[in-house]
Amino acid sequence: MSKVKSEFLNVLIERGFLHQCTDLEGLDAALLSGVVTAYNGFDPTGPSLHVGHLLPIMLLRHYQRSGHKPIVLLGGGTAKVGDPSGKDETRQLITDDIIKSNIASIRSSFERFLSFGNGPTDALMVDNDEWLSELKYIPFLRDIGRLFSVNRMLTMDSVKLRLEREQPLTFLEFNYMILQAYDFVELNRRFGCTVQFGGSDQWGNIVSGVDLGRRMETLPLYGLTVPLITTASGAKMGKTAKGAVWLNETMLSPYDYWQFWRNVEDADVGRFLRLFTDLPMAEVRRLEALQGAEINDAKKVLANEATRLLHGAAAARHAEDTARKTFEEGAFGDDLPTVEIAHARLSAGIAAIDLFAEAGLCASKGEARRLIRQNGARLNDAPITNELAQIGLDALNAQGVIKLTAGKKRHALIKPV
């Protein structure tokens, strides 16, 4: 890779963000010439973003901190179509009202990481529904559609992989890359945006946008992607036994968010400190060099820094304090995940394997059985040795709850109601 001079690209390379770029030397020169506007798109297909969205958000954060202007593009228009990238099945269509509700719900996540306003490097948040829903179909096909080769579109991963797996690809979804490419040109017209960021699975769509800008208006546009993040064991980033790691506090508590980072695999700590915190690289290198039991200190730093960015310093301190009381002092933290169970059900007794699954500590009854066989299941810190064990009201502790533990780090409280 050639030597770059701009602060932003040097940060990306040093911290491990850079995957592909359409013209690295050209982008480097543009970034040295003054403030450059760049965008990343996020389709509001759910009420919250998740940890899988965090890498491009951190990318925009570094971009702004390097003296440039980021745009958060909310895909209110493209969400009506559905991005086929990385999907084997057609997304279920969602209504306009749900899309609007999702947009309102996810806005706050960006405000934690970016500074919005009217200044030259302040972030903007725009919705592509403003222009996509106003397009007239026949004129759009004549003006934009003619610039796309179906032959080339069929070679793009988002299309090719679906066809190779013999999964249906609707004509609606097939249009997605054209609309994303058009977004790039429209953002250039409206805001002078010349750079598009995205995940590695968006490379084909981004290149299409760069090409469309050249064909329509000879625009010098650039595309840059970040790598697809998986854990050291190959699992998809942000997926747990309980489901996605959400960014909205209403869907995942700050404590559970802190615990997600605290429990990452040892081999991921250094990489995640580089990607998901603002820590200086000298401190990152010091932490990732820790060995043995000391790696847990680095994990706590990762959990604190990641939680601070999203939920604030007070929430991070509270989560760490709760964890210390729970794990090191044997107390019951108020922020431990709590599952409410009807008093009558507990009175009759519930199979331990059912309760572990219901509490989200195991994905299935089979997994709960294996956990008990491997001596990994605990009831109020005492091992459960019988797969047929029943848990009832007699297991309530002095605080009026039942503490379940899976392994060494995952806990839940059962509260009768």
Side-chain angles (χ1 to χ4, degrees), residues 8 30 34-49 53-83 85 94-136 140 144 175-199 202 205-206 208-210 212-213 216-217 219-226 247-248:
F8 174 66
V35 176
V36 177
T37 302
Y39 90 96
N40 201 114
F42 303 83
D43 280 351
T45 53
S48 172
L49 300 177
H53 295 108
L54 200 53
L55 195 65
I57 295 176
M58 290 298 297
L59 181 72
L60 291 175
R61 179 177 175 84
H62 285 299
Y63 194 67
Q64 186 173 49
R65 286 159 64 93
S66 298
H68 299 284
K69 189 177 186 71
I71 293 178
V72 173
L73 179 68
L74 296 177
T78 40
K80 298 176 183 179
V81 176
D83 183 1
S85 301
I94 52 180
T95 66
D96 288 5
D97 287 343
I98 291 177
I99 291 172
K100 290 177 182 177
S101 175
N102 289 344
I103 287 176
S105 180
I106 67 177
R107 281 179 181 272
S108 61
S109 294
F110 295 104
E111 293 166 354
R112 294 285 191 176
F113 294 88
L114 302 171
S115 175
F116 289 85
N118 299 316
T121 63
D122 282 338
L124 294 177
M125 190 177 294
V126 297
D127 182 350
N128 64 12
D129 195 50
E130 292 178 22
W131 55 85
L132 293 183
S133 288
E134 299 301 316
L135 291 175
K136 295 180 180 178
F140 181 74
I144 309 300
N175 282 271
Y176 190 94
M177 94 172 58
I178 299 179
L179 296 177
Q180 182 171 329
Y182 182 73
D183 279 344
F184 201 174
V185 174
E186 189 66 29
L187 286 170
N188 180 270
R189 290 172 176 169
R190 294 181 179 224
F191 306 107
C193 180
T194 55
V195 185
Q196 180 180 177
F197 298 139
Q202 295 295 315
N205 294 343
I206 292 173
S208 295
V210 172
L212 181 63
M216 289 184 68
E217 302 179 25
L219 296 173
L221 303 182
Y222 306 95
L224 184 149
T225 61
V226 294
L247 302 189
N248 278 32

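Model, not experiment: these values are computed from the prediction.
Judged by distance alone, the side chain of Gln64 and the main-chain N or O of Leu114 form no donor-acceptor pair under 3.5 Å. Remark: the backbone N or O of Gly209 is not paired with any side-chain donor or acceptor of Gln180 at under 3.5 angstrom. Side chain of Tyr63 to main chain of Val36: a donor-acceptor pair is present (N/O by atom type, distance under 3.5 Å, no hydrogens or angles). Panel note: side chain Ser105, backbone Ser101; no donor-acceptor pair is recorded below 3.5 Å. A distance-only check finds no donor-acceptor pair linking the side chain of Lys69 to the backbone of Cys193 [under 3.5 Å].
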Stepwise side chain to side chain contact (heavy atoms under 4.5 Å, CB included) check, Leu187 with Val126: CA-CA 9 Å; Leu187 286 170; Val126 297; 4.0 Å; yes
Side chain to side chain contact (heavy atoms under 4.5 Å, CB included) between Phe184 and Leu73, worked out: CA-CA 10 Å; Phe184 201 174; Leu73 179 68; over 6 Å; no
Check against side chain to side chain contact (heavy atoms under 4.5 Å, CB included), Glu130 and Glu134: CA-CA 7 Å; Glu130 292 178 22; Glu134 299 301 316; over 6 Å; no
Stepwise side-chain hydrogen bond (donor to acceptor under 3.5 Å, both in side chains) test for Asn248 and Ser109: CA-CA 7 Å; Asn248 278 32; Ser109 294; 3.2 Å; yes
Criterion ring-ring contact (aromatic ring centres under 6.0 Å, His included) on Phe197 and Phe8, from CA distance to verdict: CA-CA 13 Å; Phe197 298 139; Phe8 174 66; 5.7 Å; yes
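Annotation: the span from Asn188 atom CG to Gln196 atom CD amounts to 12.0 Å, rounded to 0.5 Å. Note: Glu186 CD to Leu179 CG = 12.0 Å, rounded to the nearest 0.5 Å. Considering CG of Leu124 and OH of Tyr39, their distance stands at 14.0 Å, rounded to 0.5 Å. Taking CG of Asp97 as the reference point, atom OG1 of Thr95 lies at 5.0 Å (rounded to 0.5 Å). To the nearest 0.5 Å, atom CZ of residue Phe42 and atom CG of residue Asn102 are 15.0 Å apart. Note that CE of Met125 and CZ of Phe116 are 3.5 Å apart. Values are rounded to the nearest 0.5 Å.
In this structure Arg112 satisfies the salt bridge (Lys or Arg N to Asp or Glu O under 4.0 Å) test with no other residue, sequence neighbours excluded.
Val72 has its side chain out of reach of Phe113: every pair of non-hydrogen atoms, C-beta onward, lies at least 4.5 Å apart. You'll find the side chain of Leu247 reaches within 4.5 Å of the side chain of Ile57, heavy atoms only. Val81 is not listed as a side-chain neighbour of Leu132, based on a closest heavy-atom distance of 4.5 Å or more.
Contact between Asp122 and Asn118 at its shortest, heavy atoms only, is OD2-N, 3.3 Å. Closest heavy-atom contact between Ala79 and Ile99: CB-CD1, 4.0 Å. Closest non-hydrogen pair, Leu224 versus Ile206, comes out as O-CD1, 4.2 Å. Contact record, Asn40 with Pro56: OD1-CB, 3.5 Å, taken as the closest heavy-atom pair. Closest approach of Pro44 and Gly76 over heavy atoms only: CD-N, 4.0 Å. Annotation for Thr78 and Tyr176: closest pair CB-CE1, 3.6 Å, computed over non-hydrogen atoms.
Using a 4.0 Å cut-off between charged nitrogen and carboxylate oxygen, Glu111 and Arg107 do not count as a salt-bridge pair.
When Val226, Leu54, Thr225 are each tested for a side-chain contact (heavy atoms from CB on, under 4.5 Å) with Leu59, only one passes: Val226. Considering Asp127, Asp43, Asp96 as possible partners of Lys80, the one that fulfils the salt bridge (charged side-chain N to carboxylate O under 4.0 Å, His left out) test is Asp96.
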